[in-house]
Amino acid sequence: MGGLGSGNWYRWSARPVVEDGLVLDLNRLIRQGNVCPGAWRSGSLTWSTVDDGEYVASIGYQADLTYTESAWMRLRYRRNDKPEDYRVDLTTTRPNFGGLRWWFICPARGIRTAKLYLANGGDWFASRQAYGMAYRSQNESRADRQASRAHKLRRKLGGHAGFDQPFPDKPKGMHWKTYFGMCEEIVYLENASLMAAAQRFGIEF
């Protein structure tokens, strides 16, 4: 495998966005049993879209957390038609409330991080700081933030994102007051987003 200097850490004219990349959340991997403190595990991880479950990407991995002082996770996948195969060291800290908290050691920065990201255009999983990544909200206009919030509420109701999508039926177990309140908020946010976008382009109503 190539050294860290051979990877592409930054290829963007603007800051890459966290939500557009793949993420490895170590705490989540432990909760789901993919990685197990005190044991060795191997398998594959798959990413899919939230709305329709469409396949996005997958990687193979091995993880040895038998000993805290020498724990690691090995990642294997193809990126831009090139095989990637490298090991990420793990470490632990002891919170004040007891127990152990596990961390990745970023391959690029050498810092502790609970999550590693594979940004668009990048080759290796690394910390958000290594890629200089921003959250989408940091790059969004007011209209974009309002639209994103409306789309999130639509998905929470079990529907699909999009101004032209019909309102989903009330989810089972949800109170009608809650349902109508969310629908009203969606309408408000979508109208406000359209108005803000129109003003940005000099359109008056």
From CG (Asp64) to CZ (Arg87), nearest 0.5 Å
8.5 Å
Are Leu116 and Ile111 connected in the hydrophobic side-chain network, where two residues link if heavy atoms are under 4.5 Å apart?
no
Could you report the tightest heavy-atom contact between Asn27 and Arg101, atom names first, then the distance?
ND2-NH2, 4.2 Å
Could you give the distance from CZ (Arg76) to CD (Glu84), rounded to the nearest 0.5 Å?
13.5 Å
Nearest heavy-atom pair of Ala57 and Leu22: which atoms, and what distance?
CB-CD1, 3.8 Å
For Ile105 and Arg112, run side chain to side chain contact (heavy atoms under 4.5 Å, CB included): C-alpha distance rounded to whole Å, both residues' side-chain angles, the deciding distance at 0.1 Å, then the answer.
CA-CA 5 Å; Ile105 299 296; Arg112 289 197 310 254; 4.0 Å; yes
How close do Pro168 and Gly158 get, heavy atom to heavy atom, and via which atoms?
CB-C, 4.2 Å
With rounding to the nearest 0.5 Å, note down the distance linking CZ in Arg109 to CZ in Arg128.
10.5 Å
Measuring from atom CG of Leu100 to atom OG1 of Thr93, what distance do you get when rounded to the nearest 0.5 angstrom?
8.0 Å
Indicate every side-chain donor-acceptor pair of residues 180-190 with a distance under 3.5 Å to a residue at least two apart or in another chain.
from: Glu185; atom 1: OE2; to: Arg149; atom 2: NE; distance (Å): 3.4
from: Glu190; atom 1: OE1; to: Arg154; atom 2: NH2; distance (Å): 3.4
from: Glu190; atom 1: OE2; to: Arg154; atom 2: NE; distance (Å): 2.8
from: Glu190; atom 1: OE2; to: Arg154; atom 2: NH2; distance (Å): 3.3

Test item: Arg79 side-chain N/O and Lys82 main-chain N/O as donor-acceptor pair under 3.5 Å
no
Working to the nearest 0.5 angstrom, can you tell me the gap between Leu24 CG and Leu75 CG?
6.0 Å
Tell me whether Lys170 at atom NZ has more than 12 heavy atoms from other residues, nucleotides or ligands lying less than 6.0 Å away.
yes
Work out which heavy atom in Pro107 is nearest to a heavy atom in Ala126; give both atom names and the distance.
CD-CA, 4.3 Å
Does atom CG of Asp89 have more than 12 heavy-atom neighbours, drawn from other residues, nucleotides or ligands, at distances under 6.0 Å?
yes
Search all heavy atoms of Trp102 against all heavy atoms of Ala71 and return the closest pair with its distance.
CZ3-CB, 3.5 Å
Could you check whether Phe125 and Tyr77 have their ring centres less than 6.0 Å apart?
yes
Spatial distance of atom CG (Leu65) from atom CG (Leu29) [nearest 0.5 Å]
10.0 Å
Classify the ring geometry of Tyr86 against Trp124: parallel below 30°, tilted from 30° to 60°, perpendicular beyond 60°.
parallel
Quick check: are there more than 12 heavy atoms from other residues, nucleotides or ligands sitting under 6.0 Å from OH of Tyr67?
no
In terms of hydrophobic clustering (I, L, V, M, F, W, Y; side-chain heavy atoms under 4.5 Å; direct or indirect links), are Val35 and Trp40 co-clustered?
no
Determine whether Tyr55 and Trp47 fall in the same hydrophobic cluster, where Ile, Leu, Val, Met, Phe, Trp and Tyr are linked whenever their side-chain heavy atoms lie under 4.5 Å apart.
no
Under the side chain to side chain contact (heavy atoms under 4.5 Å, CB included) rule, what do Trp103 and Leu90 come out as? Steps first, then yes or no, please.
CA-CA 6 Å; Trp103 305 86; Leu90 307 179; over 6 Å; no
